[in-house]
Amino acid sequence: MIETATSLGLLAVGYLIAVSARDVIRILIALELMFSAVFLSLIPFFTNPSLVVEGNAIAILTVFTSAGELLILISAIIFLDRKFRTTAIETTNVGGDVL
Amino acid sequence: MDAVVVTLLSLLAVLFAVASWASKDNFYSAIYMSAVMLTVGGIYAFHGIYSVFVLIAFIFIGAIGIMTVALAATYRFINPRNISENWLVIVEVLAIVFAVTAGINTFMVDGFTDAFDKLLPDYLTMIAFLIVLTTLLMLSAISMLRRGEA
């Protein structure tokens, strides 16, 4: 119960960091906070004996998927800095293949 | 007693998250974010769900968290926020409303169990997952290296 409530609190702060970010490092930090909220929201699975295995499976998939996604984002940040010599969020506004 | 510890860890997690937002330096923001992850892992460890705690500790805090801290230490940015602090109050009030609603409507039985051994009886699948993750990391590194040479 407390865990689910905390998860929503963390998610809200993560969204706030993401919308107020001025550089892409903050976006990365916000995403990691949101993933922490996702991990916390999985806790109720582990209280129901018939859902524990599913909870473990979802946790493993979530951890590896999010880790892979964040690794790609870290690489993208390094590429962005090498191309534009800045990590400011304005440089990413063009988006897509232009980068 | 259990509820007190979980409440304290949860409060710490939210406080560290707010500190991560409030910090003007990316490095300290990343440190606070790692502390949030530690408290989330701590909640799992406190409930005895050690398999998820190990995954969070090794992969998220040990690998991704450290890389984020290193990246944030490299690209420090002064005054990274472009939003009023009043938004924090509004967002937190909304979050509390949603959190109380979700907390009341979440069904949780007392007692936590871990079934990692039923899901993955051998380490082969875990090793396959790690190889895929490492390959992904290496692909990015090789791509950067080849671009650097070109």
Side-chain angles (χ1 to χ4, degrees), chain A residues 1-17 19-26 28-30 32-33 35-37 39-44 46-49 52-57 59-60 63-64 66-68 70-72 74-79 81-82 87-89, chain B residues 3 6-7 10 13-14 17-18 20-21 26 29-30 33 36-37 40 43 47 49 51-52 55-56 59-60 63-65 67-68 71-72 75 77 80-83 87-88 91-92 94-96 98-100 102-103 106-116 118-119 129 133 136-137 140 144:
Chain A
M1 223 162 64
I2 302 165
E3 293 88 348
T4 319
T6 311
S7 158
L8 276 168
L10 286 182
L11 195 68
V13 178
Y15 274 125
L16 189 66
I17 295 176
V19 296
S20 66
R22 286 174 70 184
D23 62 337
V24 284
I25 309 290
R26 285 279 165 150
L28 179 68
I29 291 168
E32 292 190 26
L33 270 181
F35 280 126
S36 299
F39 296 146
L40 213 49
S41 70
L42 293 178
I43 282 191
F46 295 92
T47 61
N48 191 339
V52 173
V53 179
E54 283 83 355
N56 264 308
I60 290 170
V63 165
F64 280 97
S66 53
L70 291 171
L71 281 177
I72 292 172
I74 288 169
S75 308
I77 290 171
I78 295 170
F79 281 135
D81 179 59
R82 289 178 77 147
T87 56
I89 204 99
Chain B
V6 172
T7 308
S10 304
V14 175
V18 173
S20 176
W21 176 76
N26 278 338
S29 184
M33 181 270 302
V36 172
M37 284 186 187
V40 170
I43 290 173
H47 286 320
I49 314 165
S51 59
V52 182
L55 281 174
I56 292 175
I59 295 181
F60 248 80
I64 307 290
M67 282 178 74
T68 307
L71 207 64
Y75 302 109
F77 200 87
R81 276 178 278 123
N82 61 350
I83 195 166
W87 279 105
L88 180 67
V91 166
E92 282 306 304
L94 273 176
I96 287 167
F98 286 134
V100 169
T106 304
F107 175 71
M108 282 173 71
V109 188
D110 284 338
F112 292 85
T113 45
D114 195 359
F116 192 74
K118 289 180 189 163
L119 180 70
F129 272 128
L133 199 63
L136 186 67
L137 182 64
S140 307
M144 275 189 282

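Letters A, B, ... are given to chains in the order of the sequence lines, protein chains preceding strands, and every chain is numbered from 1.
Here the closest heavy-atom approach between residue A:T6 and residue B:A13 is recorded as CG2-CB, 4.4 Å. Contact detail for A:E32 and B:G65: the closest heavy-atom pair is OE1-CA, 4.2 Å. Residues A:V13 and B:A17 approach most closely at CG1-O, 3.4 Å, considering heavy atoms.
Interface residue B:I59: only side-chain heavy atoms are found under 4.5 Å from chain A. For B:L71, the parts lying under 4.5 angstrom from a heavy atom of chain A are both the backbone and the side chain. Residue A:Y15: no heavy atom, backbone or side chain, is found under 4.5 Å from chain B. For A:I72, the part lying near chain B is the side chain, with the backbone staying farther off; criterion is any non-hydrogen pair under 4.5 Å. With a threshold of 4.5 angstrom between heavy atoms, A:I17 approaches chain B through its backbone and through its side chain.
In this structure, the separation between CD1 on A:I2 and OG1 on B:T7 is 3.5 Å, given to the nearest 0.5 Å. Atom CG of A:L70 and atom CD1 of B:I64 lie 5.5 Å apart (nearest 0.5 Å). Between the CE atom in B:M67 and the CD1 atom in A:I77 there is a gap of 9.5 Å [rounded to 0.5 Å]. Rounding to the nearest 0.5 Å gives a distance of 4.0 Å between OG of B:S51 and CG of A:N56.
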Evaluation steps, side-chain contact (heavy atoms from CB on, under 4.5 Å), between B:V36 and A:L10: CA-CA 9 Å; B:V36 172; A:L10 286 182; 3.9 Å; yes
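Contact annotation: the side chain of A:F39 never approaches that of B:L55 to less than 4.5 Å [non-hydrogen atoms, C-beta and beyond]. For the pair B:V52/A:F46, a side-chain contact is recorded, criterion being any heavy-atom separation below 4.5 Å from C-beta on. Counting only heavy atoms from C-beta outward, the side chains of A:S66 and B:F60 approach each other to under 4.5 Å.
Other residues, nucleotides and ligands contribute more than 12 heavy atoms inside 6.0 Å of the CZ atom of A:F64.
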